Number of protein chains: 4
Amino acid sequence: MVTPNPDRRSERARRAILDAALELCRTDTYAGLTMEGIAKSAGVGKQTLYRWWPSKAAILLEAIEERAANTLEFPDTGDLAADLHTQLHALVRTVTDPLFAAYTKGLIAAAQSDPTISEALLKALIRPRVQLCIDRLTKAQHAGEIRPEVDLPTVVELLYGPVYYRLLLHTAPVTTTQVNTTLNLVLTAIRP
Amino acid sequence: MVTPNPDRRSERARRAILDAALELCRTDTYAGLTMEGIAKSAGVGKQTLYRWWPSKAAILLEAIEERAANTLEFPDTGDLAADLHTQLHALVRTVTDPLFAAYTKGLIAAAQSDPTISEALLKALIRPRVQLCIDRLTKAQHAGEIRPEVDLPTVVELLYGPVYYRLLLHTAPVTTTQVNTTLNLVLTAIRP
Amino acid sequence: MVTPNPDRRSERARRAILDAALELCRTDTYAGLTMEGIAKSAGVGKQTLYRWWPSKAAILLEAIEERAANTLEFPDTGDLAADLHTQLHALVRTVTDPLFAAYTKGLIAAAQSDPTISEALLKALIRPRVQLCIDRLTKAQHAGEIRPEVDLPTVVELLYGPVYYRLLLHTAPVTTTQVNTTLNLVLTAIRP
Amino acid sequence: MVTPNPDRRSERARRAILDAALELCRTDTYAGLTMEGIAKSAGVGKQTLYRWWPSKAAILLEAIEERAANTLEFPDTGDLAADLHTQLHALVRTVTDPLFAAYTKGLIAAAQSDPTISEALLKALIRPRVQLCIDRLTKAQHAGEIRPEVDLPTVVELLYGPVYYRLLLHTAPVTTTQVNTTLNLVLTAIRP
DNA sequence: GAGTAATCGAGACGGTACGTCCCGTCTTGTT
DNA sequence: AACAAGACGGGACGTACCGTCTCGATTACTC
């Protein structure tokens, strides 16, 4: 594999590819997405795809990352319960949007058989958000809103796990009701 | 779709197919599994596969279901904490077994783009086990070990969600330590 | 291969098979004819086909043989030219009938890659008719209507060859005009 | 059907395919020839076959056309009888060659159930040669070697028909003896 | 008339080839 | 040099038939 020179890269092609990928994923399923289809629908040579991305998952990941960039924040009003409530409701909104859900589920599915995707997904989307959450929880713990012996990463998993559980296992739709109930129990568990 | 006559079904072929599917999935990845490969390695015509199963996921599901049949139980010693502990550790063991993990992750991935698989997975594997868990929790709630206003399905999600969260998002390996910590927090949340 | 007992053969099945074969060949092409299709449409098990015939060509051959049985005659009015004219026009009629043409062409095509069919075709249909023609020509030669040194099998080929030439090479439709012109030239060639 | 760009066509692949087709047809029968087999033995993807040819018959036709290109001539010594004799003997030689016979018979067989093949066969092989023959006969007719009222296309059929008759109906092997006898009779019929 | 053995209908089986889709690489001008 | 275009060798797809095989249920001879 030659290493292409990013300076000469065509921004037009990049835009067309990312847009086409998202668009196709919306009309079809993630499984129905193909490199060939993206190229055709973006008016781009297949070589251009393979030059800059190793797989359709990588393309989609970049497209999503771009769109999700502006959601990288965690509220901090000083009231932990309120902030978690806000943030979990935002997550429900994201995850409920059929478009975004398609990408999410497609990518997580792809990550099961491709460690590269898995790592990229973690790095680009998951870990930054988890970190923000942990930062907020740490602050709360210092403020005495959380018992000092509580393991914060576990709290993150208790808050987010149930949402992904429903999302990926399809046991039930993800709802605001769910996160409210969950949040109440978790708060009960971690409060002094 | 013709509707084949199950009475004339060859048990020999069925066995060979299920075994070959599991075996191939063990040596290769779920994504590398193909109908063609299963047929070849089972010494079976492709038509025989398509006659009885709509997809490789369906084959794998049946194979797993069969193997998992004997794990359909939930301990009941009268001590809720101990029983949950036992059951969660069993889950960790299952999910940590590389073979079983491959199937699980492959199937859950497939379920993301195929509602048929999703439903079959729920029906065959998930729901029966969730129900057993809820039954045990109900008994505990009646026995006063859980506050009466606690929503039990939410408790199930709090217990299992974090495990699937790690498993599918690959944030961290699933461990007994994790479930212990999780369980302690959950018990704190639900105890009177 | 067991040798089935013809005494116990079901005449009903035989009839249904031959009729179905002809019928299918009429609605579809010879190439589109299948053992599976014949069995299904005759309401008969595939085994019954294979028990009594080695191939679809053999079935068709028997069906045609049956229908052609009553055309096994050669006119003999004492006037050779008139008799050949009559017979060639009959051939044109047969060969022009779309149904019969389909069989003929299908079988001749099949004969190209299956010596069994070729031999059966010769024995059942071609040779008997050629013989009748030669008999008639012999009589004419004795009567002095054909020069004594003329080779009669060659005459048969001169009369029939052009018809099959058009039929199988599709250079032009087989017509009565054609056979008239041909006949005139052949008569010129063989007359004293 | 997409319309591929002939400019980008790989001559290497084309050659390998035509050669493989001829070779396979030589070792096996026409009926045993498969697109899959040709692809495999030519070291070529099946798509490449289907991109440029609609069927195995079309491939074979092109291969034969190529090889037969140099035989497109008709002798003209001024002596019609001698020239026809020369040409018919050449035909016998061609048709007796087991390799060429296989193609010929296979293609003619295929033409019976595929009008596309039929037309291509006519256009590429039959009609050009028939025309040359008619040209030669026309010259002879002008030279007074053939009676003016004789229909020349009929003469062609009288000369070639018997050869194809034997070839396709397998009544007898095609021989030089046959064409000599035939030719004598035809000459008798058409001479002034 | 009952027993029994072969044929029957049906169709599942292990296979082969079909024609299509997409993969990832490559080649050929164009910008 | 990156681009649009798309041909290439390859692998898997899901389907259609092949010819063989089992399975009761007739069915027609034998005793």
Side-chain angles (χ1 to χ4, degrees), chain A residues 1-2 4-10 12-13 16 32-37 39-40 42-52 54-56, chain B residues 1-10 12-13 16 32-37 39-40 42-52 54-56, chain C residues 1-2 4-10 12-13 16 32-40 42-52 54-56, chain D residues 1-10 12-13 16 32-40 42-52 54-56:
Chain A
M1 185 53 152
V2 291
N5 180 350
D7 293 348
R8 312 200 64 158
R9 183 169 187 181
S10 159
R12 184 187 55 70
L33 194 66
T34 65
M35 290 298 251
E36 202 128 325
K40 174 86 67 177
V44 140
K46 280 164 67 178
Q47 191 66 255
T48 304
L49 263 59
Y50 287 105
R51 194 171 358 247
W52 303 110
S55 65
K56 64 173 184 173
Chain B
M1 185 50 155
V2 288
T3 48
N5 180 349
D7 293 348
R8 310 234 165 187
R9 186 167 187 180
S10 157
R12 184 187 56 68
L33 194 66
T34 64
M35 290 297 251
E36 200 127 329
K40 170 103 46 175
V44 141
K46 277 164 63 177
Q47 196 75 71
T48 302
L49 265 58
Y50 287 105
R51 194 166 4 242
W52 303 111
S55 65
K56 65 173 183 173
Chain C
M1 183 56 149
V2 288
N5 181 351
D7 294 347
R8 313 201 62 158
R9 185 169 185 180
S10 158
R12 185 187 56 68
L33 194 67
T34 64
M35 290 298 250
E36 203 128 328
I38 296 173
K40 174 87 65 175
V44 140
K46 280 166 66 178
Q47 191 67 255
T48 303
L49 264 59
Y50 287 104
R51 195 174 351 248
W52 304 109
S55 65
K56 65 173 183 173
Chain D
M1 182 56 153
V2 290
T3 49
N5 180 350
D7 293 348
R8 310 234 163 183
R9 184 168 186 181
S10 158
R12 183 186 55 67
L33 194 67
T34 64
M35 291 297 250
E36 200 125 330
I38 296 173
K40 170 105 42 174
V44 140
K46 278 165 59 177
Q47 193 77 73
T48 302
L49 265 59
Y50 287 105
R51 202 181 338 258
W52 303 111
S55 64
K56 65 173 183 173

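Since we're looking at a predicted model, the values are computed, not measured.
- Under the side-chain contact (heavy atoms from CB on, under 4.5 Å) criterion, Ala13(A) pairs with Ser10(A), Val44(A), Thr48(A), not counting sequence neighbours.
- Checking dA4(F), dC13(E), dC8(E) against every side-chain atom of Thr48(A), the shortest atom distance belongs to dA4(F).
- Summarising the geometry, the separation between CZ on Arg51(B) and P on dA10(E) is reported as 17 Å, rounded to the nearest angstrom.
- Position along DNA chain E of the nearest nucleotide to Val44(B) versus Val44(C) favours Val44(C) as the more 5'-ward residue.
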Show the distances under 3.5 angstrom between N or O atoms of the protein and N or O atoms of nucleotides 18-22 of chain F.
| unit_1 | atom_1 | unit_2 | atom_2 | d |
| --- | --- | --- | --- | --- |
| dC18(F) | OP1 | Met35(C) | N | 3.1 |
| dC18(F) | OP2 | Met35(C) | N | 3.2 |
| dC18(F) | OP2 | Glu36(C) | N | 2.9 |
| dG19(F) | OP2 | Tyr50(C) | OH | 2.8 |
| dG19(F) | N7 | Lys46(C) | NZ | 3.2 |
| dG19(F) | O6 | Lys46(C) | NZ | 2.6 |
| dC21(F) | N4 | Gln47(C) | NE2 | 2.4 |

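- Ile38(D) places its CD1 atom 14 Å from the P atom of dG9(F), with the value rounded to the nearest Å.
- Of the candidate nucleotides dA12(E), dC8(F), dT7(E), dT7(E) has the atom lying nearest to any side-chain atom of Asn5(C).
- Following rounding to the nearest Å, Leu49(A) (CG) and dA5(F) (C1') show an atom-to-atom distance of 13 Å.
- Residues Trp52(A) and Pro6(A) share a closest heavy-atom pair of CH2-CA, 3.9 Å.
- The separation between Lys40(A) atom NZ and dC3(F) atom C1' is 17 Å, rounded to whole Å.
- One atom, CG of Asp7(C), and another, C1' of dA28(F), lie 11 Å apart when rounded to the nearest Å.
- Counting all heavy atoms, side chain and backbone alike, Met35(A) lies closest to Leu49(A) at O-CD2, 3.3 Å.
- For the pair Arg12(C) and dG9(E), the criterion of a side-chain N or O lying under 4.0 Å from OP1 or OP2 is met.
- Proximity of Trp52(C) to the phosphate of dA6(E): no side-chain N or O atom is located under 4.0 Å from OP1 or OP2.
- Qualifying side-chain hydrogen bond (donor to acceptor under 3.5 Å, both in side chains) partners for Lys46(D), counting only residues two or more places apart in sequence or in other chains: Glu36(D).
- Ala39(D) and Gly45(D) make their closest contact through CB-C, 4.3 Å (heavy atoms, listed as atom of the first residue, atom of the second, distance).
- The two residues Ala16(B) and Ala42(B) have their closest heavy-atom pair at O-CB, 3.5 Å.
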